[in-house]
Amino acid sequence: MESIIRITFPDGSVREYNKGITSYEVARSISPGLAADVFAATVNGELWDLARPVQGDATLRLHKWDDPEAKHAFWHSSAHLMAEALESLWPGTKFGIGPAVENGFYYDVDPGEGKVITDSDLPLIEDKMKELAARNSPIIRTEVSKKEAMELFTAKGDEYKTELISELEDGTITLYRQGNFTDLCRGPHLPNTSSIKAIKVLSLAGAYWRGDEKRKMMTRIYGITFPKQKLLDEYMVMIEEARKRDHRRIGKDLELFAFSPRVGMGLPLWLPKGADMKQRLIDFMTKVLKERGYTMVSTPHIGNVDLYKTSGHFEKYGADSFRPITTPQEGEVFMLKPMNCPHHCEIFNATPHSYRELPVRMAEFGTVYRYEQSGELHGLTRVRSFTQDDAHHFCRPDQLKEEFKSIIDLVQYIFKIAGFSEFTAQISLRDPNNHEKYIGSDENWEKAEQAIIEAAGEKNLATTIAIGEAAFYGPKLDFMVRDAIGRKWQLGTIQVDYNLPERFGLEYTGSDNQKHQPVMIHRAIFGSMERFVAVLIENTAGRFPVWLTPDQAVILPISEKFNEYAKTVLNILNNSDIRTLIDDRNEKIGKKIRDNELKRIPYLLVIGEKEVGAGTVSVRKQGEGDRGVMKPEEFITLVKGDINREIGN
RNA sequence: GCCGAUGUAGCUCAGGGGUAGAGCACUUCCUUGGUAAGGAAGGGGUCAUGAGUUCAACUCUCAUCAUCGGCUCCA
């Protein structure tokens, strides 16, 4: 008989089972404890339901909670559970899609005419889900024909589902049912709703059906679930901690930046400490750029509209920009500059160039103005006025790849200094099916895309590829860093461009004494000062590196009797460029320590009778505690040592 | 721009159709102290803005502005 099948495990061991055994039963045959911990299985490389029978020899990997595959199945089943709850609470609710996401799941629903789901409904949904989960309903997979699926969802009046089905291929359609709820779904799912022990319905949002802003706005309901209450509790604590790192909150607490509706939304105001820090970043970057052969330039904040017509920006974005600026001169029109590249092209054009002087690396901390949609503004990460650490490399075609690679090096260097150890690199290519979105010839696009892919490959950079994410004039390599709650923000970007050199008629004289067109690379490392500072705040929770932080040390006299000595120490430190304050408030030392710890000042210098007598300071490191007593000169050496470790020399 | 929510003191927030509340911060006084909150007193609000309903609106309605969570967008 062929009723025995051989299952191979990841460690290479093989066990024999009866044909038709499920992965769940296999897990149980190993141990009941394991069976309780697994939520999905990979069978012959395909992600499967635990409850799906295995019909032949197979390789098997069981996925416990820590595997993303397990979470995916768990949260996907949870989305179905939420849908079941919604249907039970509000019959007639129409369902869109309900996938698992990085942290939990959502379901897009249309509650029907006149019905609005609000925040106050969330606990109702949560309670209903708990009730349904406790019913121990098995989740059952069935394969159906396209016709059957159509009939089922047409009868239900689920027009969103029928739209999805109409695009599926017959023979590949599966349904999953638990209790009275059936959903169109590829799976995989949990065997049973009973593993869903801890449930939190998190939030509501609007979301366009199929991501198309011309189509209906669905109600998106986000939730998260866990197999144990403890895991949910830990998750909620983590979210709460992350909120404390929000740069908008810390920026206010530490008096780094502010917004004023009177100035205008999305227009950041840098307060003294923030401006000071921003300038320090600029100074540091300027020094690094000069070492790497960049020259600094400076351009106005406006440009004639013809400049942007030449570049192609006006045609692409003119309608959605700040309105053009008119002048007393009839017909004369300027625009706030939304980017620096056209100005830089004209700088290149201002002087003749020989092949010998390429590459030209032209850098500017250029402030640009973009009319971002009101709903898109977000603290310092998305604003309407921001300063890019912008630069353009004009090079010969044979220099392109080396230039590109040198910029990858620079990004890695700066990110290392910023402490961004986990960033992602994304190669953004054009969508080959959407020619209207881009300018330039296919040939140039292919050359540019190839150059990026090769350069990233030669640098052994781990990259993801995003089709359709390119800039309209060229493909790019983007470097993204996460914020406190896991959202990714693009900081560094490197973009290859054959188009602007053509449009601006850029040229250099080659060794053959002929005119040639240079290739242009657009790049930013910080991305923008605003976004970089925001992400830096969230990654450090406001505990900036010593070299960068606005105030490096604060002197805490134990009583007013020691204020005179405090001033002496202050002078010594300030003369050695240690940015130092005195906290001479009439407060006890414990209070002063607490307040200054909360300000995230790296060093607290306690002075009292002993220190005055010995000519020393008692050093306390923020977040770490007492470092002992030392002379001011030793403290200076300590701080300089920190800075040296952080940014070298 | 779209969907939903929010807006009360510098900050975090409570309150409620009939003269505005707390904690922290701030000011003054007492205290002069040894590594994360000493004590007391005091000042501070057009309850986002504008209109409407009402004898009476900070509270109810509408609009506007801003903010938050998403969606779309992101040169």
Side-chain angles (χ1 to χ4, degrees), chain A residues 106 108 116-122 202-222 243 246 248-249 252-253 255 259-262 264-266 308 311-318 320-321 337-342 368-379 381-384 388 390 428 437 439 469-474 476 478 485 487 489-490 493 495 497 500 522 531 556-563 585-598 604-611 618-623 625-627 629:
Chain A
Y106 66 78
D108 282 350
V116 179
I117 298 176
T118 67
D119 289 337
S120 56
D121 295 323
L122 299 184
L202 294 166
S203 62
L204 284 174
Y208 299 110
W209 171 234
R210 313 206 81 177
D212 183 344
E213 64 182 322
K214 293 186 185 63
R215 303 198 64 178
K216 188 173 173 69
M217 172 88 39
M218 314 278 287
T219 303
R220 176 168 294 180
I221 308 172
Y222 283 91
R243 274 191 232 287
D246 190 314
R248 292 164 297 192
R249 185 192 184 96
K252 193 176 246 177
D253 280 355
E255 299 178 358
F259 289 91
S260 152
R262 253 202 282 259
M265 64 201 297
Y308 305 106
S311 69
H313 289 106
F314 185 79
E315 193 195 342
K316 279 283 167 193
Y317 297 104
D320 300 319
S321 297
K337 74 172 166 185
M339 76 293 303
N340 304 297
C341 14
V368 297
Y369 303 87
R370 299 179 184 178
Y371 191 77
E372 304 290 0
Q373 293 187 79
S374 58
E376 258 314 321
L377 300 175
H378 182 96
T381 50
R382 194 80 184 270
V383 286
R384 286 177 168 172
Q388 297 178 308
D390 206 0
S428 301
K437 245 180 105 175
I439 58 171
E469 296 284 306
F472 76 93
Y473 51 76
K476 52 186 186 159
D478 291 330
I485 61 171
R487 287 176 292 223
W489 294 97
Q490 177 207 307
T493 180
Q495 313 178 357
D497 183 1
L500 285 188
H522 308 242
R531 187 178 284 179
L556 311 180
I558 282 174
S559 89
E560 287 166 3
K561 287 186 289 199
F562 313 112
N563 283 355
R585 290 176 305 159
N586 178 9
E587 294 290 351
K588 292 177 103 162
I589 192 67
K591 171 79 164 164
K592 291 188 187 182
I593 286 170
R594 177 183 156 78
D595 288 349
N596 287 289
E597 285 270 347
L598 291 175
L604 312 187
L605 307 178
V606 177
I607 58 167
E609 201 170 348
K610 281 180 282 186
E611 288 76 14
S618 174
V619 177
R620 182 188 163 106
K621 183 85 190 272
Q622 198 270 336
D626 205 339
R627 282 290 187 85
V629 175

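Per chain, numbering begins at 1; letters A, B, ... match sequence-line order.
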Nucleotide paired to B:rG17 in any strand shown, Watson-Crick or G-U, under 3.5 Å:
none
Using Watson-Crick or G-U wobble geometry with both distances below 3.5 Å, tell me the partner of B:rC47, or none.
none
With P as the reference atom in both, quote the distance from B:rG7 to B:rA40 in angstrom, rounded to an integer.
32 Å
Quick one: does A:Glu611 reach the base of B:rG34 with a side-chain donor-acceptor pair under 3.5 Å?
yes
Between B:rC26 and B:rC73, how many Å separate the two C1' atoms, rounded to a whole number?
43 Å
Under the 3.5 Å rule, do the base of B:rA36 and the side chain of A:Arg620 count as making a donor-acceptor pair?
yes
Atom NZ of A:Lys561 and atom C1' of B:rG34: how far apart are they, to the nearest Å?
12 Å
Base of B:rC74, side chain of A:Arg382 - is there a donor-acceptor contact under 3.5 Å?
yes
Sugar-phosphate, base or nothing in reach of A:Gly211, heavy atoms under 4.0 Å:
sugar-phosphate
Under 3.5 Å on both distances, the Watson-Crick or G-U partner of B:rG4:
B:rC68
Complementary nucleotide of B:rU59, counting Watson-Crick and G-U pairs under 3.5 Å:
none
Mind checking whether A:Arg249 and A:Arg243 have side chains closer than 4.5 Å, heavy atoms only?
no
OP1, OP2 of B:rG39 versus side-chain N and O of A:Lys591: anything below 4.0 Å?
no
Per the atom types in the model, does the base of B:rG1 pair as donor or acceptor with the side chain of A:Tyr208 at under 3.5 Å?
yes
Closest nucleotide among B:rG4, B:rA75, B:rC11 to the A:Val116 side chain
B:rG4
Suppose you measure atom P in B:rC13 against the same atom in B:rU19; what distance do you get, rounded to whole Å?
27 Å
Roughly, in whole Å, what's the span from CD in A:Glu560 to C1' in B:rU31?
10 Å
Need one value for A:Lys592: base, sugar-phosphate or nothing, where a base atom within 4.0 Å counts as base even if backbone is also close, heavy atoms only.
nothing
Under 3.5 Å donor-acceptor, A:Lys561 side chain and A:Gly608 backbone
no
Pairing nucleotide - B:rU54, Watson-Crick or G-U, each distance under 3.5 Å:
none
Of the nucleotides B:rG69, B:rA36, B:rG33, which has the atom closest to the A:Arg248 side chain?
B:rG69
Quick one, A:Pro338 and A:Tyr308 - any side-chain contact, counting heavy atoms below 4.5 Å?
yes
What is the base-pairing partner of B:rA9, counting Watson-Crick and G-U wobble geometry with both distances under 3.5 Å?
none
Under 4.0 Å, heavy atoms only, any strand: does A:His378 hit a base, just the sugar-phosphate, or nothing?
sugar-phosphate
Between atom CD in A:Gln373 and atom P in B:rC74, what is the gap in whole Å?
9 Å
What does B:rU27 pair with, Watson-Crick or G-U, if both distances are under 3.5 Å?
B:rA41
Of the listed nucleotides B:rU32, B:rA75, B:rG70, the one nearest the side chain of A:Met217
B:rG70
Taking the side chain as every heavy atom from C-beta outward, state whether A:Leu500 and A:His522 have any atom pair closer than 4.5 Å.
yes
If we take the C1' atom in both B:rG34 and B:rU8, what is their distance in whole Å?
42 Å
Are any of the side-chain heavy atoms of A:Val619 and A:Leu605 separated by less than 4.5 Å?
yes
Whole angstroms only, please: what is the CG-P distance between A:Leu204 and B:rU6?
12 Å
From B:rG34, B:rA5, B:rA36, nucleotide with atom closest to A:Thr118 side chain:
B:rA5
Sugar-phosphate only, base, or nothing, as touched by A:Gly375 at under 4.0 Å among non-hydrogen atoms:
base
A:Arg585 has its side chain closest, among B:rU32, B:rG34, B:rC26, to B:rC26
A:Met265 has its side chain closest, among B:rG4, B:rA66, B:rC74, to B:rA66
Give A:Glu587 one of three labels, base, sugar-phosphate or nothing, depending on what nucleic acid heavy atoms sit under 4.0 Å from its own.
base
NA contact type, A:Ser618, heavy-atom cut-off 4.0 Å: base, sugar-phosphate, or nothing?
base
For A:Ile558, which contact category applies under a 4.0 Å heavy-atom criterion: base, sugar-phosphate, or nothing?
base
Base, sugar-phosphate or nothing for A:Lys476? Non-hydrogen atoms, less than 4.0 Å.
sugar-phosphate
Do A:Glu597 and A:Arg620 sit within salt-bridge range, that is, some charged N less than 4.0 Å from a carboxylate O?
yes
Just checking A:Tyr222: base, sugar-phosphate only, or nothing, at a heavy-atom cut-off of under 4.0 Å?
sugar-phosphate
Can you tell me the pairing partner of B:rA36 across any strand shown, Watson-Crick or G-U wobble, with both distances under 3.5 angstrom?
none
Where the side chain of A:Lys476 meets the backbone of A:Ala471, is there a donor-acceptor pair that is under 3.5 Å apart?
no
Measuring from the side chain of A:Arg220 (C-beta onward, heavy atoms only), which nucleotide among B:rU32, B:rG34, B:rC71 has the closest atom?
B:rC71
Given B:rU31, B:rG70, B:rU35, which nucleotide is nearest the side-chain atoms of A:Arg487?
B:rG70
Please work out if A:Ala205 contacts a base, only the sugar-phosphate, or nothing of the nucleic acid, heavy-atom cut-off 4.0 Å.
base
Look at the side chain of A:Pro338 and decide which nucleotide, out of B:rA37, B:rA75, B:rC30, has an atom nearest to it.
B:rA75
Are A:Tyr317 and B:rA75 stacked, counting the six-membered base ring, centres under 5.5 Å, planes under 30°?
yes
When you match A:Leu598 and A:Ser374 each to their closest nucleotide on RNA chain B, which lands nearer the 5' end?
A:Ser374
Rounded to the nearest 0.5 Å, what separates atom OH in A:Tyr222 from atom CZ in A:Arg220?
4.5 Å
Using a 6.0 Å distance limit plus a 45 degree cone around the ring axis, check whether A:Arg384 lies over the aromatic ring of A:Tyr371.
yes
Side chain of A:Lys252, heavy atoms from C-beta onward: which of B:rG1, B:rA25, B:rC11 has the nearest atom to it?
B:rC11
